[in-house]
Peer 1: 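Below you will find the structure I want to go over with you.
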Protein chains: 2
Amino acid sequence: MNKYTKQTRILTAVDCIIFGFDGTELKLLLIKRAFEPQKGNWSLMGGFVQATENFDEAAKRVLKQLTGLDGVYLEQLYAFGAIDRDPLERTISIAYFALIDIHKYQTQISEEYHAEWMPVKQVPALIFDHPQMIKMAKAKLQYKAALHPILFELLPDKFTLPQLQSLYEGVYDTEFDKRNFSRKVLSTGLLIKQKEKEKASSKKGAFFYKLNKRSYKANFQAFLNIIPNAHKLK
Amino acid sequence: MNKYTKQTRILTAVDCIIFGFDGTELKLLLIKRAFEPQKGNWSLMGGFVQATENFDEAAKRVLKQLTGLDGVYLEQLYAFGAIDRDPLERTISIAYFALIDIHKYQTQISEEYHAEWMPVKQVPALIFDHPQMIKMAKAKLQYKAALHPILFELLPDKFTLPQLQSLYEGVYDTEFDKRNFSRKVLSTGLLIKQKEKEKASSKKGAFFYKLNKRSYKANFQAFLNIIPNAHKLK
DNA sequence: CCAAAAGTGTTGCATTTACACCCATGA
DNA sequence: TCATGGGTGTAAATGCAACACTTTTGG
């Protein structure tokens with residue numbers, strides 16, 4: 001057998017769009033690029049795909065390198081292949097988006113990257129085609145969260161209905177009726193009410209819920225209908 | 001500036017999952033691979049990404065090479081990057097799926113590839129990870145067609161409601177009530193009734209419809225609800 | 001004239017929305 | 001005691017699924 005001798009070989013990277021939710025706002029974890037070109041400018045966390053790893057492994061590695069976290073929700077978003085997207089040498093990028101519980105994130109680990117959580121509504125200027133990647137990731141998150149219970153990945157193990165609602169409201173940049181919201185969410189059977197309340201953010205306190213993981217896995221692919229008028233989404 | 005001297009560069013290909021509909025069955029256009037490894041075995045149409053083109057351009061080129069067609073619906077599916085997916089040398093593949101009007105397809109052009117339309121329900125053994133690509137493409141087609149009017153891409157300019165219904169039934173491998181189906185489809189405002197009838201497949205004849213292209217483009221991203229119980233889809 | 005496919009309407013049920021008041025508690 | 005946020009129920013409208021008969025015409 002011959003090798004494919006005459007073909008072009010291309011640098012291949014992964015980039016991670018990392019979402020977090022701090023209880024109020026949807027955020028993205030961005031870093032300051034550590035090497036040329038564009039050293040010091042804001043960027044998504046990324047890295048070259050090594051000869052020994054596939055894309056998922058590369059993305060997991062890159063994510064762990066920045067956050068210290070394993071077992072995070074990670075999904076391939078899109079392959080970006082513009083010829084000149086990296087001015088130094090052609091580099092294609094397989095973009096992944098990650099949803100992490102922001103509370104599990106340990107600042108120290110990523111100090112060397114000068115990482116910061118930025119509100120998705122106010123992302124700074126970014127290198128290369130990273131703004132396009134973020135735009136696509138936001139669109140996909142909205143699209144997917146309208147149908148699947150994906151947003152639970154952004155919450156801690158225990159969370160309250162008001163917290164969950166404010167997450168949905170953040171993702172869709174709108175407000176929902178809390179009576180309808182709680183009825184819909186509870187009717188999915190995905191939530192288990194706890195006995196304890198979260199007392200920090202109100203006097204009465206709101207009951208904690210946990211995700212029913214069995215049901216979550218079983219129903220992940222089933223279409224939900226939590227977002228009012230989802231069929232009218234752009 | 002330095003180049004990224006120490007990094008691995010990888011062969012990069014595109015592969016096209018090409019769907020067509022012959023009026024009865026959903027089909028895939030497959031070829032017999034023309035070179036080693038696996039020469040002579042069934043395969044998706046593919047090709048290496050050239051230094052001068054991005055992924056979309058490469059996919060368009062590959063598709064045109066096989067079918068002679070331009071302006072076809074083409075969408076990136078997924079990037080496949082397993083280390084050993086090509087046994088000869090690591091080659092990543094950006095898979096695209098295409099929806100073409102099978103009537104526009106000219107057999108002659110692709111004779112050198114020994115291309116054949118195969119029913120999606122009876123695809124032969126295929127090389128590499130192509131079975132996985134096809135599986136994913138079928139799933140995405142079902143997923144997307146439940147929400148967006150994508151299946152019109154598989155039909156000729158003029159088509160009848162019974163034809164359209166049988167296409168949907170083929171994609172979902174099920175049957176729909178024709179009264180509900182026609183009401184739903186017509187209520188989208190996407191169809192323009194023609195004066196002529198298609199007389200070949202019935203005595204009474206069925207009216208032709210054309211797609212309202214303006215409305216199609218405007219509404220493409222809006223969620224539709226043509227499939228009964230779409231929210232219960234697996 | 002009859003077989004075969006096209007075309008069309010209604011009703012009941014389920015889902016979804018809109019909407020307002022009481023509850024618990026810390027300060 | 002009162003201000004703040006949590007929690008709950010109902011009624012009206014809409015959307016959806018189920019269902020059967022008439023029309024056309026080529027053979």
Side-chain angles (χ1 to χ4, degrees), chain A residues 23-24 146-147 149 155 158-170 172 174-210 219 222-233, chain B residues 23-24 146-147 149 155 158-170 172 174-210 219 222-233:
Chain A
T24 309
L147 302 168
L155 291 170
K158 291 182 192 175
F159 51 85
T160 66
L161 287 185
Q163 284 167 2
L164 182 65
Q165 180 168 349
S166 102
L167 169 55
Y168 272 88
E169 289 177 343
Y172 292 96
T174 182
E175 296 189 354
F176 303 130
D177 181 279
K178 64 180 174 177
R179 289 160 291 191
N180 293 335
F181 183 83
S182 84
R183 184 158 6 87
K184 280 187 180 187
V185 167
L186 293 175
S187 77
T188 62
L190 287 173
L191 298 190
I192 305 171
K193 193 173 188 170
Q194 305 302 112
K195 290 188 179 134
E196 320 93 79
K197 283 186 164 184
E198 191 273 338
K199 308 277 287 182
S201 48
S202 77
K203 290 165 187 169
K204 185 176 179 182
F207 281 104
F208 278 118
Y209 286 82
K210 279 189 177 177
N219 289 312
F223 288 0
L224 299 183
N225 184 14
I226 291 170
I227 311 305
N229 296 315
H231 61 285
K232 289 178 197 152
L233 281 180
Chain B
T24 308
L147 300 168
L155 291 170
K158 291 181 191 175
F159 51 87
T160 66
L161 287 184
Q163 284 167 1
L164 182 65
Q165 180 168 350
S166 101
L167 169 56
Y168 272 88
E169 289 177 343
Y172 292 96
T174 182
E175 296 190 353
F176 303 130
D177 180 277
K178 64 179 173 176
R179 290 161 290 189
N180 293 336
F181 183 83
S182 84
R183 183 162 4 86
K184 281 186 181 188
V185 167
L186 294 174
S187 76
T188 63
L190 287 173
L191 298 190
I192 304 171
K193 192 171 189 171
Q194 305 302 113
K195 289 188 179 135
E196 320 92 78
K197 283 184 164 185
E198 191 273 339
K199 308 275 289 180
S201 47
S202 77
K203 290 166 186 169
K204 186 177 179 183
F207 282 104
F208 278 117
Y209 287 82
K210 279 188 176 178
N219 290 312
F223 288 1
L224 299 182
N225 184 15
I226 291 170
I227 312 305
N229 297 317
H231 61 286
K232 290 178 198 155
L233 282 180

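So you know, we letter chains A, B, ... as the sequences are listed, proteins then strands, and number each from 1. FYI, side chains are in, hydrogens and waters are out, and symmetry mates aren't considered; it's all heavy atoms of this structure.
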Peer 1: Output yes when B:E196 and B:K158 qualify as a salt bridge under the 4.0 Å nitrogen-oxygen rule, no when they do not.
Peer 2: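 So B:E196 pairs with B:K158 through a salt bridge.
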Peer 1: Picking from D:dG9, C:dT8, D:dG6, which would you name as closest to the side chain of A:P162?
Peer 2: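 Ranking D:dG9, C:dT8, D:dG6 by closest atom to the A:P162 side chain puts D:dG6 first.
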Peer 1: Categorize B:K197 for me: base, sugar-phosphate, or nothing, with a 4.0 angstrom heavy-atom threshold over every strand shown.
Peer 2: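 Nothing: the residue B:K197, judged by heavy atoms under 4.0 Å, touches no strand.
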Peer 1: Considering just the side-chain nitrogens and oxygens of B:K203, establish if one lies under 4.0 Å of OP1 or OP2 belonging to C:dA3.
Peer 2: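 For C:dA3, OP1/OP2 do not have a side-chain N/O of B:K203 under 4.0 Å.
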Peer 1: Which nucleotide in the set C:dC19, C:dT8, C:dT25 lies at the smallest distance from any side-chain heavy atom of A:D177?
Peer 2: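 Among the listed nucleotides, the one closest to the side chain of A:D177 is C:dC19.
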Peer 1: Any chance the rings of B:F159 and B:Y209 have centres within less than 6.0 Å?
Peer 2: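 That pair fails the under 6.0 Å test.
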Peer 1: Between A:Y209 (OH) and D:dG6 (P), how many Å, whole number?
Peer 2: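 Answer to the nearest Å: 12 Å.
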Peer 1: Could you work out which one of D:dC19, C:dA20, C:dA18 sits closest to the side chain of A:N180?
Peer 2: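 Taking heavy atoms from C-beta onward, the closest nucleotide is C:dA18.
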Peer 1: Reckon A:N225 has a side-chain N or O less than 4.0 Å from the OP1 or OP2 of C:dT16?
Peer 2: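 Affirmative; the distance criterion is met.
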Peer 1: Toward the 5' end of DNA chain D, which comes first, A:L186 or B:S202, by nearest nucleotide?
Peer 2: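 Nearer the 5' end of the strand: A:L186.
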Peer 1: Would you find more than 12 non-hydrogen atoms of other residues, nucleotides or ligands less than 6.0 Å from A:E175 atom CD?
Peer 2: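 Open.
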Peer 1: Distance check needed: C:dA18 P versus A:K178 NZ, whole Å only.
Peer 2: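 In whole Å, C:dA18 P lies 17 Å from A:K178 NZ.
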Peer 1: Take atom CG of B:L164 and atom P of C:dA6, then tell me their distance rounded to the nearest Å.
Peer 2: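 Taking atom P of C:dA6 as the reference, CG of B:L164 is at 13 Å.
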Peer 1: Would you say B:Y172's side chain and B:A146's backbone share a donor-acceptor pair under 3.5 angstrom?
Peer 2: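 Checked: pair present.
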Peer 1: Does B:S201 reach a base, just sugar-phosphate, or nothing at all? Heavy atoms under 4.0 Å.
Peer 2: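 Sugar-phosphate contact only - B:S201 comes under 4.0 Å of backbone atoms but never of a base.
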Peer 1: When you check the phosphate oxygens OP1 and OP2 of C:dT15, does a side-chain N or O of A:K184 lie under 4.0 Å from one of them?
Peer 2: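 Answer is no, no contact under 4.0 Å.
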Peer 1: In whole angstrom, give the distance that lies between atom CD of B:Q165 and atom P of C:dA5.
Peer 2: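 Atom CD in B:Q165 sits about 14 Å away from atom P in C:dA5.
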Peer 1: Take the protein atom CZ of B:F176 and the nucleotide atom P of D:dA18, then report the distance between them rounded to whole Å.
Peer 2: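 Rounding to the nearest Å, CZ of B:F176 and P of D:dA18 are 12 Å apart.
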Peer 1: Could you state the atom-to-atom distance from CD of A:E198 to C1' of D:dG6 in whole Å?
Peer 2: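 After rounding, the reported distance stands at 11 Å.
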Peer 1: In whole angstrom, what separates B:F181's CZ from D:dC19's C1'?
Peer 2: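 Rounding to the nearest Å, CZ of B:F181 and C1' of D:dC19 are 18 Å apart.
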Peer 1: When you measure from the side chain of B:R179, which nucleotide among D:dG6, D:dA20, D:dT8 comes out closest?
Peer 2: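 For B:R179, the side-chain atoms sit closest to D:dA20.
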Peer 1: To the nearest Å, give me how far apart NZ (B:K199) and C1' (D:dG27) are.
Peer 2: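 Rounded to the whole Å, the gap is 13 Å.
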Peer 1: Under the 3.5 Å rule, do the base of C:dA6 and the side chain of B:K204 count as making a donor-acceptor pair?
Peer 2: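 Such a pair is found, so the answer is yes.
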